[in-house]
Amino acid sequence: MESDKQKRMLDLSKLQFKIGELSRMTGVSTRQLRYWEKKAFIAAKQRQEEQDARVFGFDAYVKVSLVKHLMDEGYTLSAANDKSKTLIEDAKWAHHFARQAFHGIENVNGRRRLNLGFIDDAHEQVLYGVTNDEGKIHYEIHPAQSNQETSGN
DNA sequence: GTTCTTACA
DNA sequence: TGTAAGAA
């Protein structure tokens, strides 16, 4: 099912931080990080043999940053933990959505447009996202076969 | 110098 | 949660 692990140029799963690093990165004390781990709010990678220092991954960094931010906003630890869960789920969903929606960037007449794929089952119309001079985005629908001048820039 | 666990103001 | 202690 999940065999679609392609070779991405950015492999965030390889990032590893010791507790001191994660603490400095997020502004959360090492004391808190150990406590949060015990509470299962964050997870450290499995420690190898006997004595070992905790190793956190990018996912932990994101989680800690979110919880820290929420606590600064006034949330309690447990409340911040709960809210961070939904935020992370939403972000994952949005990422999944955007990843599927992305069909490449095309250059036409010096302008670039984002191909968002067909909007009809007959595959006759394509949805594009474009920006104006101020960077504001809008959408356009074009016939499917007008992709002649897609100079690979 | 850093991290770990346990305990206490 | 901060901080201290003693050990790794």
Side-chain angles (χ1 to χ4, degrees), chain A residues 1-108 110-119 123 126-141 147 150-153:
Chain A
M1 299 293 277
E2 294 189 341
S3 59
D4 53 84
K5 302 184 185 304
Q6 303 177 0
K7 305 150 189 169
R8 305 174 199 176
M9 46 201 299
L10 269 51
D11 191 355
L12 298 175
S13 69
K14 290 182 177 177
L15 292 179
Q16 298 188 337
F17 318 104
K18 297 198 301 296
I19 194 171
E21 300 176 293
L22 186 58
S23 175
R24 289 188 292 263
M25 291 163 62
T26 60
V28 176
S29 69
T30 59
R31 175 76 165 86
Q32 287 174 297
L33 292 176
R34 294 192 182 97
Y35 180 66
W36 296 3
E37 187 204 12
K38 187 192 302 179
K39 286 287 186 178
F41 292 162
I42 58 176
K45 300 187 183 306
Q46 280 201 339
R47 281 185 268 188
Q48 306 297 18
E49 302 300 321
E50 294 293 330
Q51 293 102 333
D52 251 338
R54 293 173 179 75
V55 174
F56 295 98
F58 183 75
D59 55 331
Y61 168 65
V62 172
K63 181 67 176 288
V64 173
S65 297
L66 269 176
V67 171
K68 210 282 183 182
H69 176 76
L70 292 172
M71 289 181 75
D72 289 341
E73 302 279 277
Y75 286 83
T76 65
L77 174 57
S78 63
N81 177 61
D82 290 337
K83 189 167 188 64
S84 71
K85 287 182 179 177
T86 64
L87 288 176
I88 290 175
E89 285 182 27
D90 287 353
K92 285 184 177 178
W93 180 85
H95 185 268
H96 167 77
F97 186 98
R99 196 176 169 81
Q100 270 195 38
F102 181 76
H103 286 224
I105 295 175
E106 302 169 3
N107 287 297
V108 179
R111 290 199 167 281
R112 88 175 53 154
R113 62 188 190 186
L114 174 62
N115 187 330
L116 293 172
F118 298 109
I119 65 171
H123 288 192
V126 180
L127 176 65
Y128 289 98
V130 297
T131 56
N132 61 19
D133 297 319
E134 289 139 16
K136 298 294 183 183
I137 72 171
H138 67 274
Y139 299 96
E140 298 175 359
I141 295 175
N147 305 359
T150 60
S151 61
N153 215 358

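All values derive from a computational prediction rather than experimental measurement. We name chains A, B, ... by the order of the sequence lines, and we start the count at 1 in each one. Computed over heavy atoms, backbone and side chain alike; hydrogens, waters and symmetry mates excluded.
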At under 4.0 Å, does any side-chain N or O of [X] touch on OP1 or OP2 of [N]?
X     : N     : value
A:R54 : B:dT3 : no
A:R31 : C:dT3 : no
A:S29 : C:dG2 : yes

Measure [atom1]/[X] against [atom2]/[N] and give the value in whole Å, please.
X     : N     : atom1 : atom2 : answer
A:D72 : C:dT1 : CG    : P     : 11 Å
A:F17 : B:dT3 : CZ    : P     : 14 Å
A:I19 : C:dT1 : CD1   : C1'   : 14 Å
A:K68 : C:dT1 : NZ    : P     : 11 Å
A:L33 : C:dG2 : CG    : C1'   : 14 Å
A:K18 : B:dC4 : NZ    : C1'   : 14 Å
A:Y35 : B:dT6 : OH    : C1'   : 16 Å

Just name whichever nucleotide pairs with B:dC4, Watson-Crick or G-U, keeping both distances under 3.5 Å, else none.
->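 In the structure as shown, B:dC4 has C:dG6 as its Watson-Crick or wobble partner.
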Complementary nucleotide of B:dA9, counting Watson-Crick and G-U pairs under 3.5 Å |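 Per the H-bond distance test, none.
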Greater than 12 external heavy atoms within 6.0 Å of A:Y139's OH |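 Result for OH/A:Y139: open.
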Residue pair A:E106, A:Y128: steps toward the side-chain contact (heavy atoms from CB on, under 4.5 Å) verdict = CA-CA 9 Å; A:E106 302 169 3; A:Y128 289 98; 3.2 Å; yes
So, A:N132 side chain and A:G135 main chain: donor-acceptor pair closer than 3.5 Å or not?
->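 At least one qualifying donor-acceptor pair exists.
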For the residue pair A:T131 and A:R111, establish whether any side-chain heavy-atom pair is separated by less than 4.5 Å.
->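 Not in contact.
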Tell me which nucleotide among B:dT2, B:dC4, C:dT1 gets nearest to the side chain of A:L77.
->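 The answer is C:dT1, which lies nearest to the side chain.
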Among the candidates B:dT2, C:dT1, B:dT5, find the nucleotide nearest to the side-chain atoms of A:R34.
->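 Selected nucleotide (nearest to the side chain): B:dT5.
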Which heavy atom in A:K63 sits nearest to a heavy atom in A:S84, and how many Å separate them?
-> CE-OG, 2.9 Å
